[in-house]
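A short worksheet on the structure shown next.
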Amino acid sequence: MPAIKEYQTVTSISGPLMLVEMVDEAKYGHIVDIEFGDGSIRHGQILQVENDKVLVQVFEGTRGIDVTNSTVRFLAKPLELAVSPDILGRVFNGLGEPKDDGPAIIPDKRMDINSKPINPYARNYPNEFIQTGISSIDGLNPLVRGQKLPIFSGAGLPHDQITAQIARQATILGEGKEEFAVVFAAMGITFEAAQFFIDDLHQTGAIERAVMFINLANDPAIERIATPRFALTAAEYLAYELDMHVLVILNDMTNYCEALREISAARKEVPGRRGYPGYLYTDLATIYERAGRIKGKKGSITMVPVLTMPEDDKTHPVPDLTGYITEGQIILSRPLHRKGISPPVDVLPSLSRLKDKGIGEGKTREDHADLYNQLYAAYARGKECQELATIMGEAALSEEDKKYMTFANKFEARYVSQDYYENRSIETTLDLGWELLSMFENAELKRIDVQLIEKYMPKFRKT
Amino acid sequence: MSETKQGRIVKVAGPVVVAEGMAGARMYDVVHVSKLNIIGEIVELHGDLASIQVYEETTGIGPGEPVVDTGAPLSVELGPGLIESIYDGIQRPLDLLVELEGERMSRGSALPGLNREKKWHFIPTVTNGTKVGPGDIIGEVQETMLVQHKIMVPIGVEGTLQRINEGDYTVVETIGVVVADDRTETELKLMQEWPVRNARQTIKRLAPNAILVTGQRVIDTFFPIAKGGTACVPGPFGAGKTVVQHQLAKWIDADIVVYVGCGERGNEMTDVLMEFPKLKDPRSGEPLMQRSVLIANTSNMPVAAREASVYTGITIAEYFRDMGYVVALMADSTSRWAEAMREISTRLEEMPAEEGYPAYLAARIAAFYERAGRVLCCGSPEREGALSIIGAVSPPGGDLSDSVVQATLHVVKVFWSLKGELAYKRHFPAIDWLTSYSFYKQYLKECFENKDQGLEMEELTTQAMSLLEQEAELLEIVRLVGAEALSPKDRLALETSRSIREDILHQNAFHKVDTYTSMDKQYEMLKTVLHFHKQALAAIETGVETAEIFKLPVREEIARAKYIPHEFVTKVAEIRDTIDEHIKQLHPSTV
């Protein structure tokens, strides 16, 4: 291990960046400690090295740093998280330091927070259905173990309640007790939102199986760049070394991206869309792609990132690039929320890409795939009729259109809407779907196999 | 070859490293960076300073570390062993890397693209003493049940063939020598190398003349792609680009499929890896993997290797084309490739053009697609090969004015426009029939042995397309004044269009029968739907109520025709008799 070197050669400070000169042997990506005259310490990471000039991003911000009295210590290692089984039940700050009143972690090992990419050949395809107890997810956009399924939300929408409900209710069907854990990373969210989640975990006792990394809205913004990586490092430790099934909740990725933009702007990089750096896609991928399963390992990482769409616009760079990396998305809708439908899941643009391998006979039920296809098709048509009715009045609709509109209304009120503490089994969800479809003639149910209709449609079942 | 040069690093900024002491190095030479031996490529030269794009993560690398120039451009190894392989962007076998280094990618791994130990049985097809030139086929190796790998004389080698023998060889053993006129000898091996950024040579380009059947109804029937053609699939996320690409890779009527997962999801590549060995080729019954080469550089893998991955893929594809095969290359997604270019360009501090993309973006995209085509291959025997490229594009927000989409549309001949709205209705493949186009439609009729059937198919597609266009207009009217205002004929047009959309254009990739539809069945299905239209129209003219017609039970049979297996394709034709019967019952005089 090379000796740790100290320098007092800070020459310029600008925004979150600091330039140190006359440095020997600095390495890209390594971390530094910055010590002030009064003995307080901040942390930084090397963004660029050119000859003896080193550009450092300071996680806690540069306020109060001066060029003469600061000592920069080059630690010759990348950012690391100290891990041991004791991290369960603990709360850390955004830089992975204990934030609760508990003792320091005595590490079993230290892990680089930028783990190496998983070889695609070593991945195991996610195909185990997770029952969340929420019909609009289980029935229509099923989550599977090892998937990354974000929630696209907006300011004022109840994404906190939904993530809490998923964390509370998620189970795998038909198996014995398996070790599970929840890793929660808060990036720039309010104290209230974070506390809501923590309180919920306390109530169910799940707090003992949870690890939290909390960077609140008033904590240093640049720190947020590291927070999700600390959380995922903890998750990887739990999943691949302690064989646990880990649910990772990252809330809120929009704040993360803004921190990244701040650094990029300070470096005077050529901006991409809306000022976000051109490498935002690659950067997000290094976070999201850490979800998954690995052949030969028992544990898994399932990821539910939350992001708020500015002005509910899903073409904004953050949701847009996220959608291109994640395996689907759950989109929340403000109109539904206004109608009092909760959770306000906007069913049509929501999607789970991994559903097809996670459902069906032996996983959920044989009729699942046909059923959701039909529900989608019928609801899409019903939605069109709803819109038509708002333009021209209900009277202008044909009988058939009216039927589809009734279906859409019922579907929203009974299928999508449910209490945040209602845990529906997958059978309940599927049967509810059949019940709603029973208002149509068989010939209209083009997406469903005739045999399945005869087997599952309530009116046939009774006879 | 120039002598090995060694320089030292002066700057590290993400995937770009600058080294000094590199005078004499050439653009696009491959270099080894630092003690870790990370591979990089020279992308800029200033005096003795060289900017290098590095194919791996650069954390922990700093000034002073060595850079060694190999003096050669980035090349791939071509020979038996390519098929069934899965490579990263610079042709490192991912399966072997797992065995060697575990489940995560470590840095500086050096594994050859082709297995050095495996012996292949080589059978010469020419005799000693034959005069051979570049591209001549001198023998064969049965690589898999589906692929007969032709061994060709490398470009630049000419002379008399000697000491060529049948036998079992590794890819690096000598299978024979070529003696040139000046008595210099060149050893021939099963393997040859080719620099990825250069297109492989051909005698001449030919115009496409045949359809590449994909088994996807909306594609084959309405927007077909030709053997040697180019297509692009743009669409917002969730519109089903990847499913379209996977479906094509599975069912396309090509001898060889090269699938490049460029900056996409890890789990999707895993899906391909796990599914292809299980799926059977509809023609031969052998696993599809036996004709496939996979290249996976997922989004979290190094960005520079992502930039290289499409070139690695196309070079391998060209190599098989040169054997006289029909090859299809799927690149998912070319936007990630363009973004990789942008990222490297930004780090080089180049002046950006639109949206931060480099000014050479359009030129690179055009040059890439121009490597497709039907060609007359080099060497004897005289043979034709074809290489089709199907590129997915992921424009931000699905906006087609995006630079990558526009640059691609300038060069491709088929455009499958994926629409988010269709995907939300779960209408898959979500190819928008009103905006998509294909320049290869005139070859559709050649897909049928019976010439009349081919001509009829052409008429049917034209009729169906005009109905769909009519539907778009009629829906506007309905939106304004309501469905009641339409005449019975217009109402029928709406119903038939709905039937075309739901029963023909919509296709379920995950249904065991519906996932692939033969050309004959596509013809029968379309003919049946339009036969219903014709008969219903006649009935309406004699005063039958539209409501009566729409209620006919035969309509359910039409809707379920897609689930009739190909072996029973006559059953689809029989539906037409049922149609006649049912209509007759409504109004005896119509039939």
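Everything numeric in this text was worked out from a predicted model, so none of it was measured. Chain letters run A, B, ... following the sequence lines, proteins first and then strands; every chain starts at 1.
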Could you look at [X] and say if it's the side chain, the backbone, both or neither that has a heavy atom under 4.5 Å from chain B?
| X | value |
| --- | --- |
| A:Arg123 | both |
| A:Asn51 | both |
| A:Asp313 | neither |
| A:Lys357 | side chain |
| A:Pro319 | backbone |
| A:Glu441 | neither |
| A:Val450 | both |
| A:Leu354 | side chain |
| A:Leu140 | neither |
| A:Tyr240 | side chain |

Most heavy-atom pairs under 4.5 angstrom with chain A, which of B:Asn297, B:Leu94, B:Thr58?
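The option with the most such pairs is B:Leu94.
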Among B:Glu349, B:Arg560, B:Met269, B:Arg107, which residue has the highest count of heavy-atom pairs closer than 4.5 Å to chain A?
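With the most close heavy-atom pairs to chain A, the winner is B:Arg560.
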Non-hydrogen side-chain atoms of [X] and [Y] separated by less than 4.5 Å:
| X | Y | value |
| --- | --- | --- |
| A:Glu384 | B:Lys425 | yes |
| B:Pro396 | A:Arg273 | yes |
| A:Arg447 | B:Arg426 | yes |
| A:Asn124 | B:Thr270 | no |
| B:Arg104 | A:Ile294 | yes |
| B:Arg265 | A:Glu289 | yes |
| B:Asn508 | A:Asn373 | yes |
| A:Gln329 | B:Phe237 | yes |

Aromatic A:Tyr324 / basic B:Arg336 pairing, under 6.0 angstrom, 45° off normal
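Yes, a cation-pi geometry holds between B:Arg336 and A:Tyr324.
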If the threshold is 4.0 Å, N to carboxylate O, is there a salt bridge linking B:Glu57 and A:Lys116?
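Salt bridge between B:Glu57 and A:Lys116, a charged N being under 4.0 Å from a carboxylate O: no.
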Would you check, one step at a time, whether the test side chain to side chain donor-acceptor pair (under 3.5 Å) holds for B:Glu343 with A:Thr282?
CA-CA 9 Å; B:Glu343 193 168 336; A:Thr282 306; 3.1 Å; yes
Name the option with the most non-hydrogen atom pairs under 4.5 Å to chain B; the candidates are A:Asn119, A:Ile391, A:Asp52, A:Leu348.
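Most heavy-atom pairs under 4.5 Å with chain B: A:Asn119.
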Count the heavy-atom pairs under 4.5 Å between each of A:Arg353, A:Lys148, A:Glu269, A:Gln48 and chain B, then report the option with the highest count.
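Among A:Arg353, A:Lys148, A:Glu269, A:Gln48, the one with the most close pairs to chain B is A:Arg353.
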Taking A:Asp320 for the side chain and B:Gly397 for the main chain, is one N or O donor matched with an acceptor at less than 3.5 Å?
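Yes, A:Asp320 side chain to B:Gly397 backbone: donor-acceptor pair under 3.5 Å.
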